[in-house]
Structures are given as C-alpha cells and as structure tokens.
Undergrad: 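There's a structure below that I have some questions on.
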Amino acid sequence: MGSSNKKKKEKKKDFNKAKLKVGKAKAKAASFTDTSFKSKSITVNQQSLISSSLTPLEQFKQHLSLCISAKSDTARRDALAYITKHISSPSLSSQISIPLILTKLLPLLTDSASPVRTQLLKLLASLPAGSVPPHASQILLYVRSGLTHLALPVRLTALSALEWLVSVAGPSAVSCPGGWLKTLTSFSSMLGWNPSVSSAMASKGWSVGIKPVLLGKQNAKKGEPEAKARQLEVLAKFIHQGLKDEYDEGRTAEQGQGEADQAYWDNLYRLPRTPNPFAYLNLFGVPRDEENEMYLDRDSRARVFDAKWRAVIEKGKEDARKEGGAVGRAAAALHRALNGGAVVVTAAEGGSREEEDTEEDEDMKDDE
Amino acid sequence: MPKRKVAALEKVEADLVSLQYKIRRDPRSYAQEFYDQWLAYDAQRQIFISSPTTASSEDVKKFHDLVDMVAHVANLYPEITSPFPDHLKELLNQHHAVLDKELREKVVGSLVLLRRKEVIDSTSLLTTLFPILISTPSKTLRNQLYTKIISDLRESNSKTTNHKLNRTIQTVLHNLVTSDRTSSKGMWACRITRELWRRQIWTDARPCDVMKEAALSDNEKVVIGGVRFFLGGDKEREEMDDEASDVEVDLKKYKHQGTINKKTKKRQKAYEKAVDKIKRQERKKQSPHPLNFSALHLLHDPQGFAEKLFQKHLQNSKNKFSLDTKLLVLQLVTRLVGLHKLTIIALYSWFIKYLTPKQTNVTSFLASLAQATHNLVPPDVIEPLVVKIANEFVSEASAAEVAAAGINAIREVALRQPLCMNETLLQDLVEYQRSKDKGTSMAAKGLQSLYREVYPELLQKKYRGKAATMGLRSGEVKLRKYGEEEEGGIEGLALLAKYKEEQKKKKAEEAMEAGKEKGEDDDEEDDEGFNSDDWEIGSTDSESSDGWISVSSEEDDEPVKKKARTDSEVPDLVDLEAEAAAEMERLTMLATTTILTPADLAKMQELVREAKIEKAMGPQSMSKKRKELIDKHIEDGVTADDIELPAMLGKKATKEERAERAREGKPGRDEHKSTQAIKRSKKEAEGKSSTNKEKARKKNFLMTIGKARAKNKRSLTETKKRLTAHIARSKSGGRRRNGVSI
C-alpha cells in the first residue's frame, strides 16, 4: 500500500536532523512568518526615557505633544500638570508662545477623561491674565462646542471654562465675533429654553416637550438640579458681563462720566492699544450674519438681547425661580443680572466649584 | 486588581451613532438633542474654518463625526439644517485642497447623501462637484467625484430621462471643452460623456456636439478622447447592451435549491428576485428596440466638422501631434467622408506623400484612403493616387506582402469608385494573378473579378470571363457614369405584389372550382338572388367574380410568350426588357395605389427575409455582394487589417502562433496535471463540493474490501437481482430519486 509508505516517510521526516550545507542559508522552520516590510518612511514616536539630556524647552515641547498624543488619561493629565507648572516659570515664559499652546490644548476641553479636563481648567487659570483677551474668540469657539456636548460633565467643564473666560477677559468675550448671540443660543439650548427648536417643530404641527431627553433620563435624580443651578449662575455672569455699563462698576456717576470722556478722547487721538483694533470693520473676512456679528458696546448688545432673547430668558428664569433651592437662588442672580445689577456669588459657592465637578463625574461613573 | 469600569464618557464618544439611531426612530422627541449637536457642529465648523490647515486631528475627527451625524438626519429637521448643504459646498469649494483626506471623503459623501434624501437637487450637487473634479490635484478625490457624478446622473435618469439636468450638465461640459482649448481639462468632459453614452443615458445630439468640440481641441489628449468616441463609442455601447442582457438567471437552479435546502426568508427573497429579473428581461425583449442613432449620424454639419478636423490637425504643418494621433484623426475624417459622402478635395492630394511602403503604418493610410473614397469623388482626383500606389507598391522587385497590400488597396478604392482606373494600369495589375505569391495573385484576381462586374470594357477580352462578355453583349452590364445613382424603391414591395397576385390567383381558382360545383348543384338558388355564402365570404368573393378577367388575360399571355421565344434573338431581348419594365411599373403601382396595412408590412418583411435566406443558400449575384461589402464598411469602416488580409494568404502560421491559438480558452497550466485534476482543484477553490464518484474514488481501501469480497461470493441470481435493481435505481434518479417528481 503506497499511501501508508508515504505516510511513514512523512512521519519520519519530522525527526530527521536537518542537514546544513555550506554556502546555503539555513532552511526556514515550518512555522516561520515573514515579518519584513517595505515602507517609504518610518516614523518612531519620541519615546526617550532620558529626560536629563533635554533642555527645559525641549522637555516642555515633549510634554506638550504628549498632552495630545498620549493614549492613557493619566499620561495626558501628568503632561498637562507639567505644563501648568512650567508655563509661568520665568526661564521659559519668554520662549513659549501662548497662542500655540492654546491651539494645541483647547481641543482637550472636550476630552473624554475628567481628570484631564480638570487639569486643563487649572492650566487655563494659570495663564497670565493679560495674554488671554486676544484669544477670547478662539477659546469661546471651543467653549461653545463643549457647552452642547453630548455628555453632561463635558458641558460643566465648558461652563467652568466660560466662567473663567468671563472673569479674565470679559469684555473681549462678549464683544468678539459671534461671542454674544451664539453663546446665548448655546446657553438656551443647554437649558432647554430654545425657541428655534420649538418653532421649527411647531410649524410641522408638532408640539414639543423641550426638556432634553437624554440628559433628563440620566441625571434626573442626582446631577440635574445642581447642573441647572450652575448653568444659570454662569449665564447670569455672562449676561451681567454683556449688559453692564463698562465704566460704572463701583464708581460714582461723575467718575464714570469722566472715564467715558477720557475714552472718547483716547479713541480720537491715541493709537489703539488692543490687537486688531479694526476687527469690527471685517475688512478681509467673509461677511458676517447677525449671529456672527461683533457687538462692541453695551447698547448694541442690549438691543439684540432685547430683540431676540429677553422674552425667552425671562420666562425660563421665572420658571426656575419657582423651583426654589439652588436653582431658585441662581435664578435670582440671573434676575439681578438681567436688570443690570451686579451678580453676587457667595465665596463658598465659588470655592467648591471644582470639587463639585469631579464629584459629579464620579457619580456618573457609579451610575453606569 | 478590580476590573476597570468603563467610564461613562468613553461610551459617550460612540453615542453620536446611537443618538442618530434614536433620532431616526423618533425625530420629535430628540429635536432638542439634535439642536444641541447642531450647535456643536456649528462651533466645530467655525473652529475648523478659522484655520483649516492647522486644525488638530482631534478637531478634524470631531468635525467628521458631527458632519456625518447631521447629514444622516438632515432631512428630518429641514428648518434647522437649511444652511447645512451650503456649509458643505463652501467647505469643499474653498478648502478641498487642504482638507484631511477622510474628512473630504465624508463631506463629498454627505453631499451625495443629502441628494439621495432629496434635501438638495442633482443640479446643485453636480455643479458643486464638477468644478472640483477638474481642479483638484488629488487622484483619490477625482476618482470619488467621478464615480459619484456618474452614479448620480444615472440615478436621476433611471425612471425617466431628466432632460433639464442633462441639458445643464451637457452645457457645462460643452463650456468646459470650448472655454480653454489648450488645457487638458476637457478630458473629464470626454470621460463623462463617453461613459454616459456607453450606458445609453445620453443618446441625443448634444453629447455628440460636446465630443465634436473635444475633437477640435488643441490638446492632444482631449483630441484623442473625442476622436476615439466617434470611432468606437457606438460599438462600446452595443457591447455594453449585450453584456447587460447576457446575464442569465437560472430559475431552475433556485427551484431545485428550494426543494433541497431549508426554507428561509432569504432564499424566498432570492427566488422572488430571480423571477422578477426574468420578467423584467422578457419585458425588455418584447419592448421595441430603442432606436439609437450612432454618434456619426447625429452630427450637425458633418462637412464642416470634417473640413475643420482635416485643416486643423492634418493639413496644418505646425501641428505637432504624434503619428498615432494623426492616424486616429485621419480615420475619423475619412469615416465621415465615406459615410456622409462629403467632398474634401484637398484630402486626396494630402495623401500622396504618405503612400510609400516605407511609411510607418502605411496600411492604415491605405485603409483610410479607401474609406475616403465614394462614388461622388471625382475620378481624376483619385487616379493619381491609384497610380502612385501602383508605382510604389506593385512591382516585381517589391516584397510580396507589399505588392499584395498595394493591389488590395487599389481594389478597395476601385470598389467605391470604379472610374479611377485607366486601361493600361488595370491590365498591368491584373497580370499579377500569375505571380508566384499566393497573396499577390489572390489580390489581383479580386481586382479582376471586381472589374468584370463594374467595368468589363476596361479588361482585356481574355480576362473578361463568360458572364461579363455575355452581359456586355446583352447590355445588362452597364457602366454607371460619374454621379449616377441607382433608383431606389421599397425593399420587398415587388415580392409583396407577387405574393398578392399569387394569392389572388389561388382564390380565383378556388372560386372557379366552387362556382363549377355550385353551378352543377344549385343553379336555381343562385339565380334567385339571395345567397348566404356570398354575404359571409364578403368582399373577397365579389372580387373573385371581378377577378376572372385578369386570370384569363394571363392565361392568354402565356402562349404568346412561348411563340415569341421561337423567333429571332433581337426582338426577344427587346420584348423581355420591355416586359420587365412594365412589370416593374406594375409592381410599384401597388405602393402608389393602395395603402399598406401593418399586416402587409409584416408580410413584406417576412418575404424579404425568406428571399434573403434563399439567396444566401444559392449563388450570390456580384452586385449584391459588392453592395453588402460597401455597407459593411459604412458600418465599421475599413481597417488596416482589411488591407493586410491578402498578404496573409498562403502564409503558414509559426509554431508559437499555433501554440498560442491552441492554448486559447483553456485553463491555465502551471504544472503538469490532468484536465480532471485542474477542474477539481478549481472547483475546490470555489468552495464547491465533490461528486459522489470522487468520494467513492477517495474512499479508504480497507473500507471497501469487505463489500468487494462479499461480491465475489454472490450467486448468479443474486448478482442479476442486484444489477436490475441498480439499473432501475439509476433510471429513477438514484436512491434519493433526485430530479424525479413523485
């Protein structure tokens, strides 16, 4: 039987010693896998462990790139922490450019890991106050994309960032292109006070419950009242910033009048000190619509606010006031802001903000 | 270490997809969520637009996802998303060169998606995509755009022809070709037009006009695109049509599978689909064939077009096109000249310098020359060319192939314009039938037989042959003068008239017989006046009562003819001729005196078909053959192969050629293997099962040995029983009774 002979041979073959021959390559094993490949270029990510050989600037840059490229949350957070620590160090501050750092790091505002976002807020807070206003519009774009993010924690982070922005660069935040109306739209959408949705739907004969469904389900028990209070609070600050008279904070009417006169003369005879002082002319950009327009002074802001948003926000505010509790208090602050008064936020509230955020995040995790 | 909890947000990232799903199911309840995401999209878009080149990959990814989500549900919230299409268009128009590859693909895909959801219309989609198609440097984007454009045009023309859209796009293409004649952007117009022509989406004159402009462009590539369209576009279209109808659905297979396999919804659907497809195919077969004119026939002003082509690309000495391109253009020009019988006198003198054996692709030039000849070309224009071919190609000293090609080219020219020849030259050429080379002699014989038919006076008497000599004497063979055309008629009309006459005769005879019987049987009844049979049969009967006159007249004629034939020849011929003319007149009367019914037309077609078959079976008349030959070339044009053909005669194929021919259409053979083994391995590779025979063959010997031994021990009766059972079983389809309905 030929086949069995053949099989015998085959079986034996496994145990025969492979003969090596001079001048010939060693026979490849049966399980050999070819791992060679061809490529036009090979990129190896910077992974050097030796940090001492790098100059401080190089280390800084390395961490900056780590913030974006690192896969693990902790690595990103640590890199951010490093940058937070060193950004204001005198040796580096002359060499690094704030705009570059902002363009690189702002996308992290909607990062999926809450420690990273918290760290980013800290980093923002540590930026030198004077360097922020020129970039207010850019920061505001990211804030807006965060305000209506799918996830509630990200929205809250964006709120905190907005609060910081209003406190550091309030005037430029409310007067940059799209900064006033678009931010208000985002706010109202976030709070579920949205007239455009209901009007769009109503025209089709739909009646709409404008309460957000997704968030309502997830956070009805725990997070929502606090979140809503927080939203109202930041909205109140933002509106206050937008509607306050530029020159009368804590001054008498005469002083304010005097400064206003000073500003008038400065405007006429002094060189402008802000970057891009003629931005409102929009000489080289695409034409802006009403939403994207710059509203430079209080009057124009108040005008569009009254025309578009006041009714909606008043109504929402009244509803919120009736709720009482933290929401009611925030609504009261909003009420004051709407009527041109100062927003008084208790120190306790301001201090515990960060902790609240993280707690909420953890709550969410627990829910899952 | 405890198992790591999945953070809420990591899920959230994927939640855009689930949100999309929820929105689709219940758009009302999720309007608020959608609006949030719309705002997020808007913010993200502004981030992106503020610096499209330096946008971080994170941002791009986010934007990509949001665009995807919004595009999928945009039709549900038309008021909120009204600016969305414009955003996408703007993005694509301004930043297509710097956009991230995936994002760019997504934006294009989203636009097409919006079109499919009827948020935007085809015109706006195509007018957006088209400018990018011709301006982008990226190959992948171009491919994507091209396929999208073609598929959208197909889609919008699928139910009914969308004339408005077609006209818009054709105008765009036309403008593209004509606006800048030196740029190669016209290639895209060529590609799109050709593709849509091939798919029979565009079949009218406008795409031909676009291609005409392309052929007149200054850019070589565009010219080639346009010219190739005219030369090969129609053939391509036919092939495509055949391919589409070739796909046969095997309904039997599905039925059979249905009896064997488990019955699932999927199988049921597949079966229904197959039935539907077959029905559609049948409907298509029965529906009248769409009358598609060829591109060459749809041209406006072919004379102007051919003249321009010739002057611009061929006659112009500054033109730097390659020879291949020039040949293509020449083919088109000559095709046009031959097909529409145009007159471009300068073309023929232009040919002269190319008619030497050393010219590359000279056979193509010869074929073009033949193509450019028709009966309205003045003979004195062509004669020098024929003389030149004869001098350059046909001599004892030249190679056999050259001589054969030369004579054959002359024959092709003479076929179309026989007056181009003079007596001495023809005699000289005809002498070549004595050549030793088979190709040359066959070519010369072909020339001779051609002239025997069209112009036998030109041949020496000894070469005229019997038929031609007889024809000359009887005056049957007549030289057609320059510009003379054959009289036309309705094809098959004579046949129909003859058929009708025969039918009439038959009926008359029947009626006569019936009348005789009637006359014998019931004369009295007939006289009484009222006859029910008469009324029922109606008009035919009454006709036959009139018709007896004609019958009798023909019967009278016949004996007269017989008498005439016995007389001398000359009056006979004259008589015959006159009779034929009278016959012809009588036949054509049918068309002028009666209205042909559809039944008549159908009958006429049938008769023509029969007559053709009869002719094909028997010997064919030369003039018909010639006409068919010319007709064929009007359809397909003369090619270089036609000219080279006689030179191939009598040449043995080399071994390689024979081997190549033998290998054609056979499975590839890398190693030495039996055909069976190749088939089997192919089947295995396709994932098909083995047959029972193969299984039996592979079966282990030890497993069969018991049965084999038992077989030896069987008694004779037992063996017989087994054998009869085996036969019965195999007749009824094996143990399972396969393929037999019980």
Side-chain angles (χ1 to χ4, degrees), chain A residues 1 3 68-69 73 103-104 106-108 110-114 137-138 140-155 177-178 182 185-186 189-190 192 194 196-201 203-204 206-215 218 286 291-292 361 364-368, chain B residues 4-16 18-19 22-23 26-51 54-63 65-66 69 76-83 90 94 698 700-702:
Chain A
M1 281 184 284
S3 75
I68 306 150
S69 58
D73 301 344
T103 35
K104 287 232 166 180
L106 279 172
L108 289 179
T110 50
D111 194 277
S112 58
S114 63
S137 74
Q138 198 193 359
L140 209 55
L141 278 177
Y142 284 93
V143 166
R144 278 212 301 272
S145 92
L147 279 182
T148 51
H149 197 271
L150 268 178
L152 183 62
V154 175
R155 292 181 179 204
K182 284 216 156 177
T185 315
S186 290
S189 176
M190 193 182 185
N194 209 320
S196 60
V197 174
S198 40
S199 72
M201 295 296 115
S203 68
K204 288 191 156 188
W206 292 359
S207 65
V208 179
I210 47 173
K211 192 154 229 178
V213 183
L214 274 182
L215 298 178
Q218 279 175 0
V286 280
E291 291 256 291
N292 283 319
D361 290 356
M364 288 226 5
K365 281 180 200 172
D366 291 343
D367 285 353
E368 300 302 321
Chain B
R4 188 175 155 264
K5 275 185 190 169
V6 181
L9 280 178
E10 285 173 5
K11 282 188 197 162
V12 162
E13 280 305 316
D15 249 17
L16 226 43
S18 81
L19 177 64
K22 284 171 181 162
I23 287 177
D26 187 3
R28 270 182 263 189
S29 310
Y30 287 94
Q32 177 64 45
E33 270 71 19
F34 174 74
Y35 191 69
D36 283 354
Q37 292 319 301
W38 170 254
L39 290 180
Y41 152 80
D42 201 47
Q44 206 55 251
R45 185 179 75 89
Q46 281 196 333
I47 291 171
F48 186 79
I49 285 202
S50 61
S51 62
T54 57
S56 73
S57 61
E58 287 261 310
D59 282 335
V60 170
K61 172 90 177 47
K62 261 181 235 159
F63 188 49
D65 293 346
L66 283 166
M69 202 276 284
L76 300 172
Y77 307 104
E79 286 181 28
I80 298 176
T81 57
S82 55
E90 185 192 320
Q94 293 176 356
K698 270 187 188 168
N700 193 343
F701 172 70
L702 283 171

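Sequence lines set the chain letters: A, B, ... in the order given, protein chains first and strands last, and positions in each chain run from 1.
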Undergrad: Could you check whether any side-chain heavy atom of A:Tyr142 comes within less than 4.5 Å of a side-chain heavy atom of B:Asp59, counting everything from C-beta outward?
TA: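 A:Tyr142 vs B:Asp59: side chains touch.
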
Undergrad: Nearest 0.5 angstrom please: A:Leu150 CG to B:Met69 CE, how far?
TA: 7.0 Å

Undergrad: Is a side-chain donor or acceptor of B:Gln44 paired with a backbone partner of A:Ser145 at a separation under 3.5 angstrom?
TA: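 Answer holds: no.
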
Undergrad: How long is the span from the CZ atom in B:Phe34 to the OG atom in A:Ser189, to the nearest 0.5 Å?
TA: 11.0 Å

Undergrad: Give the C-alpha distance, both sets of side-chain angles, the deciding distance and a yes or no for side chain to side chain contact (heavy atoms under 4.5 Å, CB included) between A:Thr110 and B:Lys62.
TA: CA-CA 10 Å; A:Thr110 50; B:Lys62 261 181 235 159; 2.3 Å; yes

Undergrad: Drop me the distance from A:Thr185's OG1 to B:Trp38's CH2, to the nearest 0.5 angstrom.
TA: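 That separation rounds to 12.5 Å.
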
Undergrad: Can a salt bridge be assigned to the pair B:Asp42 and A:Lys182 using a cut-off of 4.0 Å between side-chain N and carboxylate O?
TA: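 Salt bridge flag = yes for A:Lys182 with B:Asp42.
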
Undergrad: Using only atom types and a distance under 3.5 Å, with no angle test, would you say the side chain of B:Glu58 pairs donor to acceptor with the backbone of A:Lys104?
TA: no

Undergrad: Can A:Gln138 and B:Ser50 be said to form a side chain to side chain contact (heavy atoms under 4.5 Å, CB included), step by step?
TA: CA-CA 9 Å; A:Gln138 198 193 359; B:Ser50 61; 5.8 Å; no

Undergrad: Contact between A:Thr148 and B:Glu33 at the side-chain level, heavy atoms closer than 4.5 Å - yes or no?
TA: no

Undergrad: Does any non-hydrogen side-chain atom of A:His149 lie less than 4.5 Å from one of B:Gln37?
TA: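 A side-chain contact is absent here, since even the closest heavy-atom pair is not under 4.5 Å.
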
